[in-house]
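Whatever order the structure lists ligands and atoms in, that order sets their numbers, starting from 1.
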Amino acid sequence: MVSIKTRGLVKRFGDLVALNQLDLDVEAGELFFLLGPSGCGKTTLLRSIAGFHIPEEGQVFFDDDEVTQLPPHKRGTAMMFQSYALWPHMNVFKNVAFGLEERKVAKNEVEKRVNQALDMVQMGGLGSRKINQLSGGQQQRVALARALVVRPRCLMLDEPLSNLDAKLRVEMRTEIRRICKEFGLTAIYVTHDQKEALSIADRMAILDGGNFAQIGAPEEIYRNPSSKLVASFIGETNFIPGEITGREGEYFSVQTAVGTFSGRAVGFLEDPAAGAKVCLSIRPECLSLSDQKTATNRVPGHLDQSIYLGEIAQYSLKTGQSDAEVIRISELNPRRIVRDTEQTFYATADSEDVVILPPE
Ligand code: ATP
């Protein structure tokens with residue numbers, strides 16, 4: 001197992017700063033995700049750690065060894081890309097063996113290690129199959145075996161599941177976590193799929209324009225986002241602008257155009273003072289639809305849309321004249337669906353679920 005560290009990492013493409021002085025610490029054996037909007041620098045960071053990019057400034061360490069200038073094969077990393085890049089004319093065994101033959105590993109050792117790698121991904125006994133005789137999920141397992149057969153110190157995964165259908169993606173993500181944990185691999189994983197990250201990551205980093213917006217465990221990022229960007233990028237949320245009016249214990253009170261709220265101030269370096277402009281973030285599943293007017297933590301409106309999905313009911317509550325003034329509510333285990341568009345309803349929340357963020 002190896003830990004990975006970057007210090008002051010800068011990668012530029014011409015005038016564009018793709019990575020801006022990044023300090024990252026990935027623990028040995030950790031499954032670490034990189035997420036963020038398109039073009040934020042995820043792949044560039046992954047490739048800089050793997051050795052496919054040499055940074056203009058800063059350093060990369062594997063444990064205490066500096067590897068910044070080393071080529072990929074000398075870092076002991078293995079990379080798995082979204083296109084599996086398997087050779088269709090070769091059988092499964094040959095595809096997996098390729099990396100070992102290139103390294104001039106002895107023939108009997110190659111056979112032993114390829115079979116071990118195929119067993120790891122539950123493809124034992126399928127070595128003689130042609131690649132074009134495999135399903136998408138099986139091809140993906142072969143690609144994983146090919147990355148693992150060289151016994152990498154760490155595994156770099158760039159959108160490894162994006163070619164698979166939704167059901168297989170769910171199955172394979174669990175499989176990837178099992179393999180990483182069983183074999184003590186440190187892994188860095190780039191994805192656009194936040195569910196993939198939330199479900200199997202030990203920790204994740206959200207990147208924004210070459211900077212880290214936030215680093216933390218999935219539940220930390222979801223429950224305590226540090227900014228509007230993170231709150232809206234991971235999961236869905238409703239934003240309501242307001243102003244701090246006071247504090248009671250751990251909760252702050254906020255005056256908004258639709259009423260008074262109390263909530264947790266998250267993502268501030270210093271506690272916000274009275275008068276500070278803020279933005280509330282309340283996730284749809286934290287809101288309930290009520291016909292009772294509570295004193296605080298409620299948004300009044302009229303139902304715009306009611307959708308019954310069995311395990312969940314989704315409501316849009318129109319809170320003003322414009323189409324943008326809509327609050328989304330997701331009610332779990334709905335015992336009834338409300339469709340009355342005339343009555344005033346209230347979206348109500350618990351203070352614990354009202355997150356107060358900086359306004360921008
Ligand atoms: P996506 O989610 O779309 O794959 P990303 O977060 O992985 O994006 P990167 O591929 O790391 O983003 O790119 C970061 C920035 O660097 C982007 O603005 C991109 O256009 C730019 N970039 C990446 N590679 C190169 C390159 N070889 N030459 C010039 N610019 C590049």
Minimum-distance protein heavy atom relative to atom 17 (C) of ligand 1: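 Scanning the protein heavy atoms, the shortest distance from atom 17 (C) of ligand 1 goes to Gly39 O, 3.7 Å.
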Nearest-neighbour protein heavy atom for atom 23 (C) of ligand 1, which is reported as residue plus atom name and distance: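 Minimum-distance protein heavy atom for atom 23 (C) of ligand 1 reads Phe13 CE1, 3.4 Å.
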Partners meeting side chain to side chain donor-acceptor pair (under 3.5 Å) with Thr245 (sequence neighbours left out):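 Thr245 satisfies side chain to side chain donor-acceptor pair (under 3.5 Å) with no residue once adjacent residues are dropped.
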Best match, Leu45, Asp158, Leu16: closest heavy atom to atom 18 (O) of ligand 1: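 Of the listed residues, Leu16 has the closest heavy atom.
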Closest to atom 13 (O) of ligand 1 (judged by heavy-atom distance), picking from Leu207, Thr44, Leu46: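 Going through Leu207, Thr44, Leu46 one by one, Thr44 has the nearest heavy atom to atom 13 (O) of ligand 1.
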CD1-CZ distance between Ile49 and Phe61, expressed to the nearest 0.5 angstrom: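 Here the rounded value is 13.0 Å.
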Cation-aromatic face contact Lys11/Phe13, 6.0 Å, 45 degrees: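 Ring-cation test returns yes.
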Residue Ala18 vicinity, atoms of ligand 1 by number, heavy atom under 4.0 Å: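 That gives atoms 16 (O) of ligand 1.
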Numbered atoms and elements of ligand 1 in range of His192, under 4.0 angstrom, heavy atoms: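 What qualifies from ligand 1 is 1 (P), 2 (O).
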Any Gly41 heavy atom less than 4.0 Å from ligand 1: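 The answer is yes, since Gly41 has a heavy atom less than 4.0 Å from ligand 1.
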Any side-chain heavy-atom pair of Lys167 and Met172 under 4.5 Å: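 No, side chains not in contact.
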Any donor-acceptor pair under 3.5 Å from Arg169 side chain to Glu171 backbone: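 Side chain of Arg169 to backbone of Glu171, a donor-acceptor pair under 3.5 Å: no, none is there.
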